[in-house]
Amino acid sequence: MPTSPPTPRAALALAVGLALASLLAACGDSDSGAGEVTAGQIASLELSHRGAPVAFNAPFILSTSGDGEGADEVLTIRNTGNGDLELDAITITSVPVGVLTLATADGAPLPADIVVPASSATGYAFHLVYTPPASPGGVIPTGVITFRSNAVRDGVSAPTITLDVTVDDPRPHLQVLPTTLDFGPVRQGEVATKQLSLLNAGNTSLVVDGLALGGHPGFEVTLGAETFTASAGTAATVDLATPLTIAPGQTETVAVTYAPTGPEPATAQLTLFSNDPAAAAGTVVPLKANTGGPCIALTPRKLEFGGRQVGRTVSETVTVTSCGDEPLVLSEIAMAEGGSSAFAVRPPQSLTIAAGEAVTFAVDFTPAAVAAVDASGTPVLEAAQVSVRSNAFVGDTRLDVSGYGANPSCPVAVITKGAGEDEVVPQSTVHLSGADSYSSAGAITRWSWDVSQPVGSQSVFKPGADATAPTFEANVAGEYEFRLRVWDATGAESCVAAKTTVTVTPSQALHIELLWRTPSDPDETTAPGTDLDLHFAHPSADSGHDGDGDGVNDPWFDLAKDAFWFKKHPDWGVAGDTADDPSLDRDDKDGAGPENVNFNGPEGGLVYAIGVHYWANNEFQTAFATVRVYVYGQKVFEVPDVELAYDDLWTVGTVAWPSGAVSLARVCDGTFTACTNDAGCSGVSCVLRVAHHYDNVAVPN
């Protein structure tokens with residue numbers, strides 16, 4: 001009797017049964033799981049937390065109190081299938097590494113093999129533990145729990161099941177926008193204001209309770225009701241009288257102003273201190289102004305015509321250079337009101353100068369009469385100013401001009417200098433000439449130069465003070481006045497001496513100058529002489545040698561981190577980049593100095609050390625050392641005439657950056673105890689830190 005075909009419902013049941021049998025057979029044969037599924041039995045893995053199911057398709061949020069104590073939550077594995085759930089591994093990874101761990105109720109690691117029977121009403125409980133990192137670092141902790149088992153999910157074998165974990169650790173987070181505050185060009189007399197936005201991107205209250213502001217003194221910061229000006233005092237942490245509290249998701253503004261003190265590029269660093277655990281060292285905001293824009297440079301900086309023949313016009317050329325990174329636009333070049341009518345200006349045709357380009361114009365001088373003389377016999381100069389109006393930092397740049405009508409009865413001394421040599425940097429060679437001197441009675445046959453130079457400078461004319469066109473090395477910062485007298489073929493001497501000045505100003509961010517005098521040396525301009533050495537050390541300098549016996553290795557003579565005569569150009573910043581390295585630009589071995597260290601790339605937040613060592617005396621005796629420190633061309637520190645004997649080492653002190661604050665090193669006499677005055681020294685004096693008979697590090701000579 002033939003079998004009847006199955007009904008559609010029966011056929012569907014048969015197909016499902018065959019498919020399930022095939023699936024179970026496949027599961028039983030697989031070696032990728034943690035066990036075998038017996039035909040007709042299925043193990044199922046479910047997870048619960050505090051009685052509620054945990055979804056595997058979304059991160060599990062592990063909440064903390066935010067008090068730094070971490071968290072410990074119990075998760076329970078349940079088996080809702082009809083076969084035993086066999087787990088051969090439950091593991092966890094986390095970022096940061098190690099902040100998330102798994103443990104049993106007694107804190108032990110989970111066992112390698114765990115079985116959850118189908119009949120288990122309680123399942124298997126384990127602990128998910130969060131231990132906050134010592135340094136939060138701004139990273140939200142996350143992790144992944146991996147379960148390896150013989151479970152089946154949605155009818156498919158699932159030998160590996162993962163659960164993402166995210167830690168919800170309540171914390172404030174300070175975001176400052178913009179991250180760098182650039183004022184751009186700010187002209188003379190202007191005050192520019194910009195805003196910083198302080199956003200609390202965290203989920204608890206942010207408290208800003210302190211700041212540090214170091215760098216150019218033109219910067220000011222107003223936070224709440226308090227205003228702070230960049231200075232040595234604010235370069236260290238300053239506590240706010242009223243801390244600023246910012247709710248989650250809210251923003252407060254901070255006003256920052258810049259009032260320039262000169263055209264130089266200005267930088268500063270604002271550091272905000274808060275309860276943001278990711279910014280324990282503070283949140284740093286660089287500030288800058290006048291680091292670009294139009295710039296004007298006049299060469300020469302002043303015009304000194306000297307004595308000129310009455311009724312005859314003499315012309316001098318002035319060069320206008322566009323020294324910025326934007327075009328320089330000249331709106332007017334004219335003689336300023338109130339000056340002598342003996343001067344006139346002939347402006348250039350082009351008034352717009354591209355960056356890096358230059359134009360010239362002429363200034364004429366036509367004296368109408370012989371100049372009167374004052375009580376000392378010096379001619380009374382005619383003077384005026386050329387006004388150059390432009391879009392540069394100084395909107396009206398003035399050029400001083402002077403001259404006088406010369407007495408034709410005697411020779412007239414006239415001094416000219418090399419282009420741009422009215423103002424120079426230390427160690428510049430000034431090129432002087434008296435060749436334009438003249439006499440109505442015949443040729444000039446004799447020249448005699450002399451100079452008044454800054455204290456400590458010992459330079460001389462080369463090849464000599466009687467040369468027509470000598471040179472002079474201007475090594476010390478300050479003002480030099482050069483004078484020239486001449487004689488003509490008849491033997492007549494100039495009625496008055498010609499005069500001109502040269503100003504020496506350091507151009508680097510940091511310039512350190514060492515000078516000395518040795519009373520027992522009769523001529524400090526020639527060899528032999530005493531040799532004092534300037535040292536400038538990085539804060540990480542360590543010579544591995546304790547030469548003064550204070551129990552701490554000295555920075556001096558560290559060949560990588562001390563700029564001195566043996567290592568004049570150490571590589572401190574980016575390897576191979578000389579722009580961020582200090583340089584000992586002058587080493588005087590047999591005289592009175594100067595020795596100069598120049599540094600254009602001091603690193604913010606660092607404190608550098610300055611020292612002076614009496615290296616060789618050449619049979620001379622006591623020397624007296626002077627150290628000066630210049631920041632952006634301004635002298636900020638000077639200690640004169642410190643008495644040193646041969647082989648003494650004077651630890652001068654430190655200079656902090658970006659504040660430029662110099663701290664003089666002082667100790668209680670006979671000790672290494674730091675002090676500021678005698679009151680802190682228990683009966684002895686507070687003196688400069690000078691180590692006598694310093695035990696030198698051996699360096700090649």
Side-chain angles (χ1 to χ4, degrees), residues 299-319 340 342-344 362-374 376-384 399-424 428-453 459-474 479-503:
T299 307
R301 301 287 186 89
K302 58 187 174 184
L303 283 179
E304 298 171 322
F305 284 88
R308 297 295 179 172
Q309 186 174 341
V310 173
R312 178 173 295 182
T313 298
V314 182
S315 298
E316 293 286 351
T317 299
V318 178
T319 300
S340 169
F343 301 96
V363 178
D364 299 334
F365 175 47
T366 310
V370 173
V373 295
D374 61 18
S376 65
T378 300
V380 177
L381 298 176
E382 296 193 60
L399 175 72
D400 291 327
V401 295
S402 64
Y404 66 93
N407 185 340
S409 64
C410 55
V412 178
V414 177
I415 300 174
T416 59
K417 301 188 295 288
E421 291 183 355
D422 296 302
E423 294 185 18
V424 298
S428 295
T429 298
V430 179
H431 300 81
L432 302 163
S433 176
D436 286 350
S437 302
Y438 61 92
S439 172
S440 59
I444 300 298
T445 58
R446 180 183 167 196
W447 293 259
S448 179
W449 298 86
D450 67 50
V451 60
S452 296
Q453 49 190 320
S459 292
V460 296
F461 294 97
K462 294 182 178 180
D466 57 353
T468 306
T471 60
F472 190 91
E473 192 175 72
E479 187 170 270
Y480 295 72
E481 182 182 80
F482 297 97
R483 296 174 292 273
L484 172 65
R485 304 185 74 85
V486 296
W487 289 258
D488 64 17
T490 68
E493 179 184 351
S494 49
C495 295
V496 295
K499 299 178 183 179
T500 189
T501 58
V502 172
T503 302

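All residue numbers refer to positions in the sequence shown, counting from 1.
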Could you check whether any side-chain N or O of [X] sits under 3.5 Å from a backbone N or O of [Y], counting only pairs where one atom can act as donor and the other as acceptor?
X      : Y      : answer
Trp449 : Ala467 : yes
Gln453 : Ser459 : yes
Ser440 : Pro408 : yes
Tyr480 : Phe472 : no
Ser433 : Thr416 : no
Ser437 : Val414 : yes

Worksheet item: Between Phe343 and Leu303, does a side-chain contact (heavy atoms from CB on, under 4.5 Å) hold up when you go through it step by step?
Response: CA-CA 11 Å; Phe343 301 96; Leu303 283 179; over 6 Å; no
Worksheet entry | Sole candidate of Glu481, Arg483, Lys499 that passes side chain to side chain donor-acceptor pair (under 3.5 Å) when paired with Ser452 |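 Going through the options one by one, the only one that passes is Arg483.
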Fill in: Beyond-backbone contact of Pro367 with Glu382, side-chain heavy atoms, under 4.5 angstrom
yes
Worksheet entry | Contact check, side chains of Asp450 and Arg485, non-hydrogen atoms, under 4.5 Å | no
If every non-hydrogen atom of [X] is compared with every non-hydrogen atom of [Y], which pair is closest and at what distance?
X      : Y      : value
Pro300 : Asp422 : CB-OD2, 2.8 Å
Pro411 : Ala492 : CG-O, 3.2 Å
Val496 : Pro379 : CG1-CD, 3.3 Å
Pro463 : Pro470 : CD-CA, 4.4 Å
Val486 : Trp447 : CG1-CD1, 3.6 Å
Arg308 : Val314 : CD-CG2, 3.8 Å

So, taking the atom named [atom1] in [X] and the one named [atom2] in [Y], what distance separates them when rounded to the nearest 0.5 Å?
X      : Y      : atom1 : atom2 : result
Leu381 : Asp400 : CG    : CG    : 11.5 Å
Ser494 : Arg446 : OG    : CZ    : 10.0 Å
Glu316 : Leu399 : CD    : CG    : 10.5 Å

Worksheet entry | Step-by-step salt bridge (charged side-chain N to carboxylate O under 4.0 Å, His left out) determination, Lys417 to Glu304 | CA-CA 10 Å; Lys417 301 188 295 288; Glu304 298 171 322; 3.6 Å; yes
Worksheet item: Is the Phe305 ring parallel, tilted or perpendicular to the Phe365 ring (thresholds 30°, 60°)?
Response: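 The rings of Phe305 and Phe365 sit tilted, inter-plane angle from 30° to 60°.
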Discussion item. With side-chain contact (heavy atoms from CB on, under 4.5 Å) as the criterion, how do Leu432 and Phe461 come out once you've worked through the C-alpha distance, each side chain's angles and the decisive distance to 0.1 Å?
Written reply: CA-CA 10 Å; Leu432 302 163; Phe461 294 97; 3.7 Å; yes
Fill in: For Asp488, all residues meeting salt bridge (charged side-chain N to carboxylate O under 4.0 Å, His left out), sequence neighbours excluded
none
